[in-house]
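A short write-up of the structure that comes next.
Start at 1 with the first residue, then count along the sequence. This one's a predicted model, so the numbers in the text were calculated from it and none came from an experiment.
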Amino acid sequence: MGEQTIPILPCRTLQPVIDFYIALGFEVTYQQKSPNPYAVVVRGDIELQFFGMKHHDPHGAYSTCYVRTDDVDVLYRAFRAGLGATYGKVPTRGLPRIGPLKDMAYGVRQFLMTDPGGNCVRVGQALHTAEEAARPKGTFERALHHASLLADSKEDPEGAAKVIDRVLGLTDERPTPPQLVRLLVLRADVAARLGDEVSAASARVGATGVRLTAEERVSLRDDLRRLDELGSG
């Protein structure tokens with residue numbers, strides 16, 4: 001049929017948003033400064049449009065959209081490289097920012113990024129096997145799922161920290177080594193977002209000290225990459 005849906009997202013001023021998407025490899029195909037600020041950016045089959053709104057608050061924004069891709073890893077690497085080259089480092093806190101790449105329990109491999117206008121763009125790829133798309137089972141998998149949603153989708157790092165601290169304080173159950181690493185890496189991540197460097201450092205040390213098999217290290221590649229980033233950040 002040829003239909004296409006194009007999100008139109010708000011921002012306070014256009015130029016910082018345009019610069020952000022240029023860093024990601026987008027091309028500005030249209031820009032209007034008056035009477036109403038408006039811009040269009042395109043990268044391959046992805047098109048996003050933006051309008052200026054003088055009283056828009058980027059830190060209180062709720063606007064979001066989802067980009068589906070066949071190779072989320074390639075986009076993630078390209079976006080991070082572009083942001084690092086433009087901003088001097090990959091921004092992972094504040095505005096703008098790009099989050100970690102993760103396999104989600106609801107069947108997608110995705111990352112979230114938020115532009116200077118406060119718009120959250122989710123970029124994801126469907127996972128195809130029943131095992132990959134399985135719902136979380138067990139105390140620690142459910143806690144990881146819930147904490148990840150709070151940290152990233154809800155932007156509630158304090159809530160995520162409480163979930164992780166509670167489950168790590170259990171005395172009648174213990175996580176497997178991979179589960180422990182994932183919990184500690186996420187705990188370090190949210191602590192860093194909250195400016196709690198003591199808790200962040202403690203969680204990083206704990207995650208680094210977990211003994212893993214070679215196979216487990218492969219399965220935890222995203223988490224271990226994030227652990228390295230947090231340690232060098």
Side-chain angles (χ1 to χ4, degrees), residues 1-9 17-29 39-50 63-93 95-117 119-136 141 144-145 148-149 151-153 155 178 181-182 185-186 189 214-230 232-233:
M1 297 287 288
E3 290 87 354
Q4 183 182 13
T5 299
I6 300 171
I8 303 176
L9 305 169
V17 173
I18 290 172
D19 292 342
F20 175 80
Y21 286 96
I22 289 175
L24 298 177
F26 284 76
E27 176 187 358
V28 181
T29 60
V40 179
V41 299
V42 175
R43 188 186 195 278
D45 292 329
I46 307 171
E47 179 174 331
L48 302 173
Q49 300 188 9
F50 300 91
S63 46
T64 187
C65 68
Y66 203 99
V67 174
R68 291 180 178 175
T69 176
D70 292 331
D71 200 332
V72 69
D73 288 79
V74 167
L75 276 184
Y76 187 64
R77 288 193 297 268
F79 286 178
R80 283 176 56 87
L83 292 174
T86 298
Y87 293 98
K89 66 176 184 177
V90 179
T92 58
R93 289 186 250 173
L95 294 178
R97 65 180 179 272
I98 186 168
L101 180 61
K102 298 180 180 180
D103 290 347
M104 305 303 295
Y106 43 82
V108 296
R109 179 166 172 78
Q110 71 173 20
F111 65 94
L112 278 61
M113 59 184 185
T114 305
D115 67 26
N119 304 297
C120 177
V121 180
R122 301 163 182 259
V123 184
Q125 176 181 359
L127 299 173
H128 299 295
T129 69
E131 181 180 355
E132 288 174 319
R135 290 289 178 179
E141 290 298 326
L144 277 164
H145 177 64
S148 291
L149 290 178
D152 299 322
S153 297
E155 296 187 11
V181 168
R182 292 173 63 199
V185 171
L186 183 54
D189 193 339
E215 184 178 354
E216 288 170 341
R217 295 189 71 85
V218 170
S219 71
L220 291 169
R221 63 191 183 282
D222 295 331
D223 302 274
L224 296 176
R225 182 191 305 122
R226 183 62 181 146
L227 181 61
D228 288 340
E229 292 171 355
L230 290 166
S232 62

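Counting heavy atoms from C-beta on, the side chains of K102 and D152 come closer than 4.5 Å. You'll find the side chain of T5 stays beyond 4.5 Å of the side chain of E3, heavy atoms only. Using a 4.5 Å heavy-atom cutoff, the side chains of R80 and L101 are not in contact. Annotation: side chain of R225 is not in contact with side chain of P100 (no heavy-atom distance under 4.5 Å). By the 4.5 Å heavy-atom criterion applied to side chains, P116 and L95 are not counted as neighbours. T86 places none of its side-chain heavy atoms less than 4.5 Å from the side chain of D19. Looking at heavy atoms from C-beta onward, Y66 lies in side-chain contact with V108 at the 4.5 angstrom threshold. Residues R182 and E141 meet the side-chain proximity criterion, which asks for heavy atoms closer than 4.5 Å.
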Go through the steps to decide whether Q4 and D45 satisfy the test side chain to side chain contact (heavy atoms under 4.5 Å, CB included), and finish with yes or no. CA-CA 10 Å; Q4 183 182 13; D45 292 329; over 6 Å; no
Check against side chain to side chain contact (heavy atoms under 4.5 Å, CB included), E216 and V181: CA-CA 10 Å; E216 288 170 341; V181 168; over 6 Å; no
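When all heavy atoms of Q125 and V72 are compared, the pair lying nearest together is OE1-N, 3.0 Å. When all heavy atoms are compared, the tightest approach of L75 to R43 is CD2-NH1, 3.1 Å. Of all non-hydrogen atoms in E47 and Q49, the two that sit nearest each other are OE2-NE2, 2.8 Å. Between L83 and F20 the shortest heavy-atom distance is CD2-CE1, 3.6 Å.
The distance from the OG atom of S148 to the CG atom of D103 is 11.0 Å, given to the nearest 0.5 Å. One distance of note links OH of Y76 with CG of D71; it measures 14.0 Å at 0.5 Å rounding. R93 CZ to I98 CD1: the interatomic distance, rounded to the nearest 0.5 Å, is 15.5 Å. Once rounded to the nearest 0.5 Å, the distance linking CD of E229 with CG of D189 reads 9.0 Å. The CG atom of L144 lies 10.0 Å from the CE atom of M104; values are rounded to the nearest 0.5 Å. Interatomic distance, N119 CG to L48 CG, rounded to the nearest 0.5 Å: 9.0 Å.
Using cut-offs of 30° and 60° on the angle between ring planes, the pair Y106 and H145 is perpendicular.
Remark: the backbone N or O of C120 is paired with a side-chain donor or acceptor of T64 at under 3.5 angstrom.
Under the rule for a ring-ring contact (aromatic ring centres under 6.0 Å, His included), the partners of Y21 that lie at least two apart in sequence or sit in another chain are F26, F50.
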